[in-house]
Amino acid sequence: VRVNVARKAPPEISVQYVDAAEGIYRPGGSIRVTVAVACGNGQLDGELSLGFYASMDDSISSADYEIQSEDFSDLEPGESYTFSTVCDLPSSMPDGDYYIGVVVHHPDEGDVVSDGIPVWVGTPVDLTVQTLDATEGTYLPNDQIQVYSLVKNIGAGISERYAVDYYLST
């Protein structure tokens, strides 16, 4: 009697994509993230865990801000799992550019890390021109016109340097 024993093929897990809407996200707020995970080959035994992370660089890892986690199983060869979830951003996150990505962990196969997608997390700035006034008169080309403007920040964030451009219209 001859018995052949073969090692099963590893599952070849991959992250097909990660997506989130562009915008300004506030620390302590939420962000909807959509992810697709696929099993290219082999049988998936055991549960997969997905960690959703916000990273200050484009290298996603479990050392970054964890914003959500999900577990799932029963992913057959050739199948993919796509879902959308709301992730909570920590209120302790400093303002800045972040990358949102996932780390897929399988107990036997290790981690698969996605590319990150850029988002901005911070308190929004909202500059508005509150007052605009110019000295009345008749002017010739190359005359100087005295203009007064008051720009006010009605948002909650601190604005960076900005410029005010004036245009003359008939």
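Excluded from the calculations below are hydrogen atoms, water molecules and symmetry mates; all remaining heavy atoms, backbone and side chain alike, are included.
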statement: Scanning both residues in full, the closest heavy-atom pair of G101 with V18 reads CA-CG1, 4.4 Å
- prompt: Is the closest side-chain donor-acceptor distance between S114 and Y17 under 3.5 Å?
  reply: no
message: Tell me if the CG atom of N153 is crowded by more than 12 foreign heavy atoms within 6.0 Å.
response: yes
message: Same cluster or not: V164 versus V129, using hydrophobic residues (I, L, V, M, F, W, Y) connected whenever any side-chain heavy atoms lie under 4.5 Å apart?
response: yes
E66 CD to C87 SG distance, which is reported to the nearest 0.5 Å: 9.5 Å
query: Between CG of D88 and CD1 of I67, what distance do you get to the nearest 0.5 Å?
result: 8.5 Å
Side chain to side chain donor-acceptor pair (under 3.5 Å): pairs with one or both residues in residues 21-37, sequence neighbours excluded: R32-S84, T34-S84
task: Could you verify whether a donor N or O on one side chain and an acceptor N or O on the other, from Q146 and Q144, lie under 3.5 Å apart?
output: no
Working for side-chain contact (heavy atoms from CB on, under 4.5 Å), residues V147 and D133: CA-CA 6 Å; V147 178; D133 195 19; over 6 Å; no
- line: Sorted by chain and number, sequence neighbours left out, side chain to side chain contact (heavy atoms under 4.5 Å, CB included) with S14 holds for Q16, A38
task: Could you give me the CA-CA distance, side-chain angles and deciding distance for V104 and V15, then say whether side-chain contact (heavy atoms from CB on, under 4.5 Å) is met?
output: CA-CA 8 Å; V104 181; V15 179; 3.6 Å; yes
query: Hey, any chance V86 and V119 share a hydrophobic cluster, counting ILVMFWY side chains that come within less than 4.5 Å of each other, even indirectly?
result: no
Ring pair (Phe, Tyr, Trp, His ring centres under 6.0 Å) partners for Y81, two or more places apart: F72, F83
query: Roughly how far, to the nearest 0.5 Å, is the CD atom of E79 from the SG atom of C39?
result: 8.0 Å
- request: Give the other cluster members for Y148, using side-chain heavy-atom distances under 4.5 Å between Ile, Leu, Val, Met, Phe, Trp and Tyr residues; answer none if it is isolated.
  value: L150
query: Under 3.5 Å, is there a donor-acceptor pair between the side chain of T128 and the main chain of Q130?
result: no
statement: Of all heavy-atom pairs linking M56 and P94, the shortest is CE-CG, 4.4 Å
message: Return the CG to CG distance between L50 and L48, rounded to the nearest 0.5 Å.
response: 7.0 Å
query: Given side chains that start at C-beta, do those of V35 and F52 come closer than 4.5 Å, heavy atoms only?
result: yes
message: Which Ile, Leu, Val, Met, Phe, Trp or Tyr residues join Y99 in one cluster when any pair of side-chain heavy atoms under 4.5 Å counts as a link?
response: Y53, I60, V103, V113
field: OG on S59 to CG on D64, rounded to 0.5 Å
entry: 7.5 Å
- prompt: Mind checking what makes side chain to side chain contact (heavy atoms under 4.5 Å, CB included) contact with I24, not counting sequence neighbours?
  reply: W120, P124
- request: Given side-chain contact (heavy atoms from CB on, under 4.5 Å), test I13 with V37 step by step and report yes or no.
  value: CA-CA 7 Å; I13 312 244; V37 177; 3.8 Å; yes
field: Residue pair D58, D115: steps toward the side-chain contact (heavy atoms from CB on, under 4.5 Å) verdict
entry: CA-CA 7 Å; D58 61 358; D115 291 332; over 6 Å; no
task: Among V102, I31, T85, find the one that has a side-chain contact (heavy atoms from CB on, under 4.5 Å) with Q68.
output: T85
task: State the OH-CG distance between Y98 and L89, to the nearest 0.5 angstrom.
output: 9.0 Å
